[in-house]
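Chain letters run A, B, ... following the sequence lines, proteins first and then strands; every chain starts at 1. The figures that follow rest on heavy atoms only: side chains count, while hydrogens, waters and symmetry mates do not.
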Amino acid sequence: MAQPRVQWFKFSSPPNFYDLSGRLIPWFGGLAAILCVAGLYVGFVVAPPDYQQGDSYRIMFIHVPAAWMSMFLYVLMAVYAAIGLIWRVKTAEVMAKAIAPTGALFAFLCLWTGALWGKPTWGTYWVWDARLTSQLILLFLYLGYMALHGAIEDRQRAANASAVLALAGVVNVPIIYFSVVWWNTLHQGASITVTSAPTMETVMFVALMLMTFACWMYAIAVVLWRARLELLERERRAKWVLERMGGKA
Amino acid sequence: MMEFLAMGGHGPFVWGSYGAALLVLVGEMIWLRRRRIALRRQLARLARLQESPPP
Amino acid sequence: MSALLRALMALLRRDLLLAMRRRQDALVVLGFFVVVVSLFPLGVGPDPQLLRSMAPGVLWVSALLATMLSLERLFADDFRDGSLEQLLLTPQPLPLLVLMKILAHWLVTGLPLVLISPLLGMQLNLDGTEIAVLMMALLLGTPILSLVGAIGAGLTLGLRGGGVLISLLILPLYVPALIMGAGAVDAVMYGSSPDAHLSLLAALLIFTLLLAPWAIAAALRIMLD
């Protein structure tokens, strides 16, 4: 009996992707809400105040996940962009475009919460700390990607051009990070010595993990949601869109 | 409850960050919802046009 | 091999000839660099010690902006009169042809920045060794700026407001070169040796030299398909 060939590309065909993601989004959304509530409960009620920073360290439960998400989403965006560019997979191009705004929002959130965390602990809102600076540059990379994507009318060309930019960016992210860390250690004397995250008690770590997965689920739900809209916009003339959209106001 | 909100004196910073997080994340969802409604209306009109083209 | 070499040399000669005929473009970039650097003391104050400590950053950021200014025209003229499409149709490998165009662009805009930097270094009262290191760093750095900038120029071909868009796309990618370039002069000012910075800058140059032409070729193919 012939082994059924795994159709890798079954779910990459727009209608299948549209229907499948439509079914998955509520699950991811629900999971994100549950994990978030659990994470906040553990983070704010169960976890004790830190002996050094008091309660301001609780900002970490949103700051650190936002930082991880912004970096992870950028790499994921570059992977989807590469797939779209090399194998012309339309849904991959749509996914890459759908990830960028959420990634940028996480980068902005990371900077915002980093600044608010910095004020009580280091005394100033903005510290040219290596990680914060790299986050700032990552935000610029996101903005550049979205600006280029928006500036080109033809959708296919916009997707390909921004894919090249995303790949150029992802190759540079490690170089930027290490040069910024290197730059920071050289000028260490000038800036305030940065205290690392407080020693992790297990309960704090649990809260951090819960919040990280909550952000992850949230990101999947939102990105899939935006991808479906992008797909509809892009395939507005396709038959499968008319079937699903026909008549319903 | 008040003491919980005070966050050991760091209240404004903690709630400032979580407030921003709430604003950003909920805002993104609202933005997407508005975009979905507008897109649905547009596509529905397109579908109706295709089914019964105006004379 | 000689056919390829001849083609590359012909392209280089053509671009240099074109640049010489429109010398005004190159002078504008140079003028911009000089004016921007001279503006800083007016903004910050004439205190020599302060200017000295700011000199590497000011010089490098200005060189970066000056290169940014000249990027838009890198492909724009050839794109408008169609010769860029001819370039894509030639049998020679596109990345090499693109490399020649960037070499021509660097010779016309990058190199002059290096040659005039001592003058501006003195203006911000850097002494002999610091200026030598500055020139070395700029010599290694400006090709990186041209190469990475050409990716942006390729990606924004034919777009309205492409010039401004290039800066948003490319400035984040300039950060490593800026840090190492300015760091080299900074190191020598505080007595430590700039070798680490310069070798890293050279490594970055080789890395960019290898990867950028492919990205630019891909960008051109996309924007001109």
Passing option when A/Leu165 is tested against C/Leu169, C/Thr156, C/Ile151 for side chain to side chain contact (heavy atoms under 4.5 Å, CB included): C/Leu169
Whatever's closer than 4.5 Å to a heavy atom in chain C on A/Gln156 counts as neither
A side-chain contact here means heavy atoms from C-beta on lying under 4.5 Å apart; do C/Val175 and A/Trp183 qualify? no
Structural part of A/Asn172 lying under 4.5 Å from a heavy atom of chain C: side chain
Kindly give the heavy-atom pair with the smallest separation between A/Ala147 and C/Leu165, and that separation in Å. CB-CD1, 3.6 Å
Please state whether the side chain, the backbone, both or neither of C/Leu171 comes within less than 4.5 Å of a heavy atom of chain A. neither
Euclidean distance, A/Arg157 CZ relative to C/Leu155 CG, rounded to 0.5 Å: 12.0 Å
Within a 6.0 Å radius of atom OH on A/Tyr80, are there more than 12 heavy atoms belonging to other residues, nucleotides or ligands? no
First locate atom CD1 of C/Ile179, then atom CD1 of A/Ile176, and finally report the distance between them rounded to the nearest 0.5 Å. 8.5 Å
What distance separates A/Ser179 OG from C/Leu201 CG, expressed to the nearest 0.5 Å? 11.0 Å
Counting only heavy atoms closer than 4.5 Å, note whether A/Val173 contacts chain C via side chain, backbone, both or neither. neither
What are the two closest non-hydrogen atoms of A/Ile137 and C/Pro172, and how far apart are they? CG2-CB, 3.9 Å
Is the gap between the ring centers of C/His197 and A/Trp182 under 6.0 Å? yes
Check whether A/Leu138 gets within reach of chain C through its side chain, its backbone, both or neither, counting any heavy atom under 4.5 Å. neither
Can you confirm whether C/Leu159 sits close enough to A/Leu148 that some side-chain heavy atom of one is under 4.5 Å from a side-chain heavy atom of the other? yes
Separation between CE (C/Met223) and CG (A/Asp154), nearest 0.5 Å, reads 9.0 Å
